[in-house]
Every structure is written in structure tokens, then in C-alpha cells.
Number of protein chains: 2
Amino acid sequence: MPLMIALAQINPTVGDIQGNLELHRRILAQVGNRAELIIFPECALPGYPAQDLLFENAFLGDLQEALEILAGEVGDRWVITGTVRQEDGRLYNTAAVLHNGRIVAWRDKTLLPTYDVFDEDRYFTSADKIEPVTLTLSTGESLKAGLHICEDLWDLAYDTKVCDILAEQGVDLFINISASPFRIDRDPRRRELIVEKARRLKKPYLYCNLVGGQDELVFDGHSLVCDESGELICAGAVFEEDLIYVPFPLDTMSATAPARLAVVATPRPATTTTLTRVEELNGAIVLGIRDYFRKTDHREAVVGLSGGLDSSVTAALVVQALGCEQVIALAMPAVYSSSQSETDASMVAQNLGIRLEVLPIESLRREMQDTLEPFFQGTEPGVAEENLQARIRGTLLMAVANKRGALLLTTGNKTEVALGYATLYGDMAGTLAPIGDVSKSDVYGLARYINEREGQEVIPQAILEKIPSAELAPGQVDPFDYEVVSPLVDELVLNRATDEELIAKGYDPLLIAEIRALMVRAEYKRRQAAPCIRVTGKAFGVGRRYPIVNRYGH
Amino acid sequence: MPLMIALAQINPTVGDIQGNLELHRRILAQVGNRAELIIFPECALPGYPAQDLLFENAFLGDLQEALEILAGEVGDRWVITGTVRQEDGRLYNTAAVLHNGRIVAWRDKTLLPTYDVFDEDRYFTSADKIEPVTLTLSTGESLKAGLHICEDLWDLAYDTKVCDILAEQGVDLFINISASPFRIDRDPRRRELIVEKARRLKKPYLYCNLVGGQDELVFDGHSLVCDESGELICAGAVFEEDLIYVPFPLDTMSATAPARLAVVATPRPATTTTLTRVEELNGAIVLGIRDYFRKTDHREAVVGLSGGLDSSVTAALVVQALGCEQVIALAMPAVYSSSQSETDASMVAQNLGIRLEVLPIESLRREMQDTLEPFFQGTEPGVAEENLQARIRGTLLMAVANKRGALLLTTGNKTEVALGYATLYGDMAGTLAPIGDVSKSDVYGLARYINEREGQEVIPQAILEKIPSAELAPGQVDPFDYEVVSPLVDELVLNRATDEELIAKGYDPLLIAEIRALMVRAEYKRRQAAPCIRVTGKAFGVGRRYPIVNRYGH
């Protein structure tokens, strides 16, 4: 009889120890006696990343208490879950092994990512030993599990090779519990590493990943199981919770011929990398929005709908996340707004089935300028006058959000956030930036995908074709050729390309210098920007830390 | 003849490699042949912290080039300066030793702070060896220097004791180059460590610290020299640049009796810890404001002056930093503003000698509410209406700042930022928060200090005595007893006090729960707050990283 293993790809909430404990209970009840070993992701109990909450002794105490309660409820099953433990004043990111009412073992994380969005050296101490954990099963047989955590798989840049060290001690299979955040093209890389380890070390590899949104991060789930020949045999759902049963053939376990791991229950295709770039973007952003609202107890969203591309795409994504009943759109025309914009905005609202209110701001704009006469009198109109309109709109949007207990979402894309082509406290006002990590080029792609997906022109072709404009001054259009600037910004942000590399790719040296300078000067705006949902390898936000006071590249 | 050593306590700018090179040159020219060894602080060439700039190859290349240029200009003097070097794709926070046109040696930092505001594990690899550096002097004698960097002194929490390891190899003196940011009560701790090391290891200790403001951080300078008996014999200026000459008696250097280090040039008192708490706060904030403006090429500040305590104190600090000609104040009364507030605001402006413009916002407020009728109609006035007034003010303040190329400063204190008693995009709008790390209690202290310092009631007694109010609703006063809540917030933020500890100190359990919940809920506001000048051991900002989505403590 094979040992049945369940991978519980759950969606916990940071800090919600009680709620996360309930998630564990729900899975335990659902699994019942269908599986003898149940595996939860990294930090499934505290949520990930819990950040400085981990410095609060009360939090650590509550966490430990919850783990002990959970241990008391697992019965004669084996449960592995991710938590944080404290010993001698040090914190460990750890996998707790629970059985028969007790915490039987801890396996601590060895490799602590401290780059990009990760700060694990700030919190954790690296494991002081690496060894398999032995589970004695109901059949009397022993299972030696090479249990390790997330980054321990990503060992290329580290001297310590955790899986190899485990394999040297003899293991029957590898278990990796992860909280590995999504980014475009992350998934094939993950698979490659897993397949390579399974094949080279000739053992099945079970990878259980977290799912859900947490601030800027989205965890995509997509847990994977690979047999000892390196073949992917099943995968968890992408962007949603899942429970995956994997039978492990105990009888051949200690044979010299490697055991053949065969899926008997709920076989699943392991081919979800067929998701296209825009499908991935769409899925990640929708989950990020939905979880932000759900986990902060909000239901309704407010969006400024200008009739332009960015706000239209944002609105469409928010509707997917929350439903059209939960989205309120505002159009706020002023003197420089075209009638086409209003038409386009109302078309989008109609296509999405959301409420649109038109609040004209022209008289407010004039009144503001009158009030500012002591300072504006005799000056040339410029950025102050333009920002004024954006900030009146931001103020109105926030007022509606405040009045209704809703959340305002910003609509800026990554390219314009990079360039600082946005008004702080104006169009940058909002709680979350759904497309803040999506380049202008990808916003076009998303729009086309959304239309295709819905089988109708949700976002009218006119919006896709018109020249982008903030409409804050007479005859204004965005001063960038996005077909050139959008990929250039990506080169600078994602690849940290040097001038030489960019010139070799055909970019104009003057343009490079101009864009670099704009990016440096906009740092102060980004420091006050709403968190954006991270979908690329380098988003503005917690994973990119630049000084504001910075004379380099000016 | 003693060896003359110069400690150059300079104020570099992050990313300004050329400008920082010029600072080095200026010192080298000033010192001439008065000193044979000239010491600059940690990261004096790139500035500190250069953050993700260090991931740009072009930046690292320019840095190396500047260092080589500098080496070419030191002549037969020995120069030690702080920079970052790359080797085999790894970065080291390093002290470069320059002599006769060459980079003679590197001494890398061993202990890499990765806590609070520090992220050094993100960037740097720890030194792979710890050894003294030997300088051959013009007299033919050799000086063995125990050269190390900042945190290498703060070894209590680390297993590696850098100074001890250096001492075991025999050194004539210790040299520490630092970029140690200011916080209240940091200085006595620094001294204690230095004195202990000098006394126990029986060698003179030279500590050269950076000075100046960089984003949230202020470096206070106050370089120190301690003789081999542990006696502090001189100190650099606090909060300003300085050049300190220290003669080192070579003739007794290798004698068994420890050499007596005697100051001959520009003797300075080593007693600057007589600075009071408010003097320290005042000095750090003024330097922080001044450098933020200078290093971002701004001259003029805009401040909203409500007639309340916080904005009055902020305005007084800004005037100290920039001069009264460079400060513009706006009072923006609405229907709930008291006439007393306007009187108080104009009194403060008059006392400070700054321009005050009164821009009434009542008709804007009404017009906004009318525009919002589709959403406001039939609802009870509440937080939406209150925020509206704050955001109209924020919009006007930003318009004036934009129009004049000035920077808007926020006036919120740490206690209210903690509690979320502030309006995002309203009174929270601004580039820098001078008193954002100053508790309400300390704001009172600062006000009294400022009055005492100026020998007149710059901030009228009436302001110090009235009950704090945001004046956004009829009869409104701040819903906190700051005498209780201000220290309670400090306990929670600075000491991470548990409920048990707080109850033992006499705090009401219900109040504790309420304040904790307010703090958690305000995280999303703080994420978009202006950077505050960090003056305590735990400021909101880069050194305190809490999740927004967080159900703990709600």
C-alpha cells in the first residue's frame, strides 16, 4: 500500500495566527485519513513575510501556542508546516514536524534570501545542522525525508548545497516547503531546479508553495511533484488554493532500483507553463487585488476612469477581482479633457457594468487658482497648474472612498512611475497600484488579452489606438515614445543595463541620459507611492531601494 | 617627532562621486604637510548608504576610477578612506589605504549590520581576513594600524571580535572609520565601547565618523580619540564637518610602557555629551533639513502653519536650517478654524520673520462638498468631510511649492503618525517630515528649548498651553491624552513592550489594545508618508518594516 501524501497549497494571512490555524484545521478535516503525511507551505502559520512582527515576543508566543494546539489535533498523521521559532534569542524560519500531539522535530532554513524583496538575514539565523527527518509510519516502515525550505532549493549562488548534503545522508524523497513569490518567468526556473535535483539525486521531489496576495507580493502556488527520474508528474493550481494527493510507493522505497512514483489520485496536468505572459500578469494582478481587499476587510473599490488606457485596464482587472457591483468609477473632466475621453470612459464603464459618476472639476480648478492668486499671479502656467487638476481629482476620489469605506486604486503603469510622469497626491493617490509593475507595452498586451478573454471590446479599440495624454494642458500628449521608452525603462530597471549595453542595442545616448535623470529625480515620488503588485523581477517598492538624495545619474 | 594624524570628519553626498572626491581634495590641500596620515570616514567616496546604486556596474566603475585618481594625488602621505570595492562579483564595504599614487591595501568590513535601518547583508560580503595594515612612514618607522570599519567596533552581539583579533597580531593603534547614524543616546554608548577597547587592549583608538544628512538618516560626526589608557582626549564637532589633528608619539611606540598619546594641535573638549536631549534633537533635525535641501538643490521651504504646536515647532526648525527668507508659511482657515489659531499662526510667523499668506478654504470646501453630492447626499458628516479640508490644504501647499520650486515639509509628530491621526495627501503631504520621529512629549520640550534658545517666546505660551485640535469638525479636540499616549506609543515602538510590561507600568489594558489597533491600521498611511528625520532608536520608515496586510493586534 502506498503512503499517501497531501500537499496543502493554502492562502494564509500575515499575522492572522488564529485564521491560519483554522486553515490548517480545515485541510486536516478535509484530508481525514486519506493521507498519512500532510504538508503545508513555508510560514503557513505566521504568514509570509511577517516582517518586524517577528520581533514581537507576544507574536512569537502566540505562534508557538497555535503550533502546539495544531500538534494536539493531528492525531496519528504526520503534519509538516512552516512557522518561525525562537531559540536562545535567535529566530529560525522552520518546518515543524507534528505527530501524535507533539512537535517531533524542527528543520530550519539554511539559505536565507537577502536580496530584492527578501530580508531574511534581518530576521533569521541559518540552520546549524542539515539532516533528514525520519517519519515512522503506521505500517512500521520509516520514511527518511529530505525536508528543506524554499531558498534551500535555489542553491546556485551559495556555497552550501542543502539537497546534496541531505542526499549524502540517504533520503527517500525531498520535501520543499516554500513561500516563493510570483514573477513573470519564475515558474520555468523553479521547475528546472526541481527537475535537476530529482534527476541528479534520483529521488522524488515534492514542492509545496504558498498561494495568495500579501502587500506587494503574490504567491502563485503551483506546487510541483517530480518523480525520481526528473519527470514532473503533477502540479497544483496556479493563483488559487489547492490540495494535491501524491501516493508514495513504500514497497519499493528501499529497493536499489529507484521507486517509481505514480500518481493515483486526482492526476493533474503538469503543463501550466502554457500560461502566456499576459495570462500570468492578469492572474497575478487579479489575485493581488482580491486578497488585498479580502485580507484588509474591504469590499468596494474606487477608480478614476479617464478614458485612457491605464485606467481602463485597471478597472477591468478590479472588476475581475471584486465583481462589477463592487467598483465605482469617477470621471472628472476639466477644461482640457476631450469629449472623446468622456465617451471612452463611459463606454468602458458600460462594458464592465460598473457605476460611473461624472464629477466636473472645472469650477473647482478655477476656484483653486483664484485662491492661489498671491502665488500664481503673473506667472506662466506650468506644472503647478497641471498638478492642481490631478490633485483635485485625487481629493475627490479619496472623499468618495472615505465616505463609502472603499479603497481607492491608482492606475499608473510602471513606465510612467519610473519616469515620474504622475502627480503625487493626484493620480498617485490610492491604496494599491494594480499595474504599477506593468510596463506600458504590457498594458497594451493586457488590454488586448482582456478583450479577447471577454470575447468583446471591453476596452474599445479607440482607446488602444489614441495617443496617450494626461490632458492637463492645452493640446498635451505624453512626451514619450512609449514604443522606445517602455522597453528602455525595463532595461534600466530589470537588467540594470549600462550605457554601453543600451547603445549597442540601438538606444540614443541622449535619450538614455534623459531617462536615467528622470528616474533618479522621481525617486521621492516613488517613496510615497502606493504599493504596487509585483509581477516582474524588479518592481518599484520594497525590492528596489534607492536613495532619494542621490547625485548619481543626474 | 610625533606622527601627525588628521581625522577628516566630512559630509559627502550619496552618489556624488565627483563632489565627494573634491571634498577629499579640499581636505588634502588644507592639511598639506601638517599630517602624514589622513583618515576619512566609512564610504566617504560613494556616500552612505548608497543602497541599490551599488548594484550598478557603472557606479562601481566610476567609484574605482575616483579612488585611483585620489591615490594619484596623495603624494607621500598615507590616506585611508571608505569606499566599496568589487571582487569576483562580490561587494565589500572597505577601507582603502592610499600612498604614493597607489592603492596599497584594502581592509574590508567584517561585521555587517542588518537590522533597523541597516541592510548591509543585502550588499556586502564579510571580510575574509582580519589583519592590521602596516604603514612605512617617512622616518622609516613602521606603524601597525588596527584598521576596521564601523560595526566592527559594535561586536557585543557577534561571535567575531574584530579588535581583539587585530590586537592579538600586535597593533600600535586602532583606527575605526564609521558612518554611524545619530540617535538620541547613541553617543554615550559609542564612547563606552571605544573606551573599553582602548583600555582593555591598551592601545589608542581613533574613531572617524561621517557627518551630514542623507534621506532619513543624520550622521552626527563627533569623531573621538581615546588614548591607550582609555581616556578620551579629543572629539570632533557634533553635527558639522571638522578636521582633527592628533599627534602620535612614534618614539615610544614600541616601548614596553604604553605610549602616551598627547594632543598638541587644536585641543578640543571631549565632553559634548553635555548636550541635552532637546539640544541633540534640535541639532539633528536642523542638519537633516539643511542637508536634504542642499543635497537636492532646493532652497525654499513651504510649511502649513495652523497655529498649533507641531507646525510652529516645525517652522522654527526650518528657519534654523534655511533662514527665515527661505520659508513661506500658509494658514488656510476653514469654518471650524478658531480665530485664536489664526492669531497664533501669525504671531509665530512674525516671531520667526517668515512670510505668512492666509488662504481661506471655506468656499473651496463647500464647492468640493457640492461636487461630491452624488456620494455625500443624505450621509452623516464624518471622516470624509474632515479629510476633505486637510486635502484641500495639502493641494494648495503643493501648488505653492510646485510654483516656486520649493519643497513642502510635513508637520506631523511621531505620536500622531503612529496613531494614524493624520490625513494622507492632506497634512501628510510633503517631501520630508522634520518632526516625524519626535513624540508629542518631545515636541513640547523642543518648543520650550527653542524659546529659551532664542531668548524670547518664538512659540507663544498660548500655543503650548492650548488643547491640541485638528479643527476639522465642530468643537473637535484630539481624542488622546498625550501625556499618557505619547509615552505609551514610545513604549510600543521603541521598546516593543508587551501588554504585561505595560500593565505593570500602570497603563490601562483597554487603552493599550486601542492604541495597538490604531497603530496596525495606520500602517498603510505610513507606507506613503514622507521620510522623517530619524532621531530615536526606532523611527517609522526604513528601519521599521511592518506588513500592511496584518491581522495581528487588530
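What you see is a predicted model; the values in this text were computed from it and never measured.
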Please look at [X] and chain A and tell me whether the side chain, the backbone, both or neither of the residue comes under 4.5 angstrom of a heavy atom of that chain.
| X | answer |
| --- | --- |
| B:E373 | neither |
| B:Q18 | neither |
| B:D62 | side chain |
| B:M332 | neither |
| B:E357 | side chain |

Thinking salt bridges, do [X] and [Y] make one under a 4.0 Å N-O criterion?
| X | Y | result |
| --- | --- | --- |
| B:D215 | A:R527 | yes |
| B:R545 | A:D119 | yes |
| A:D297 | B:R521 | no |
| A:R366 | B:E367 | no |

Grab the two heavy atoms, one from A:R355 and one from B:F375, that are nearest each other, plus how far apart they are.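 Closest approach of A:R355 to B:F375, heavy atoms only: NH2-CE2, 3.4 Å.
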Determine the sole option in B:L388, B:N387, B:T423 for which the side chain to side chain contact (heavy atoms under 4.5 Å, CB included) test with A:N402 is passed. B:N387
Are any side-chain N or O atoms of B:Q528 and backbone N or O atoms of A:G430, one a donor and one an acceptor, separated by less than 3.5 Å? yes
Would you call the rings of A:Y552 and B:F59 parallel, tilted or perpendicular, taking 30° and 60° as the class edges? perpendicular
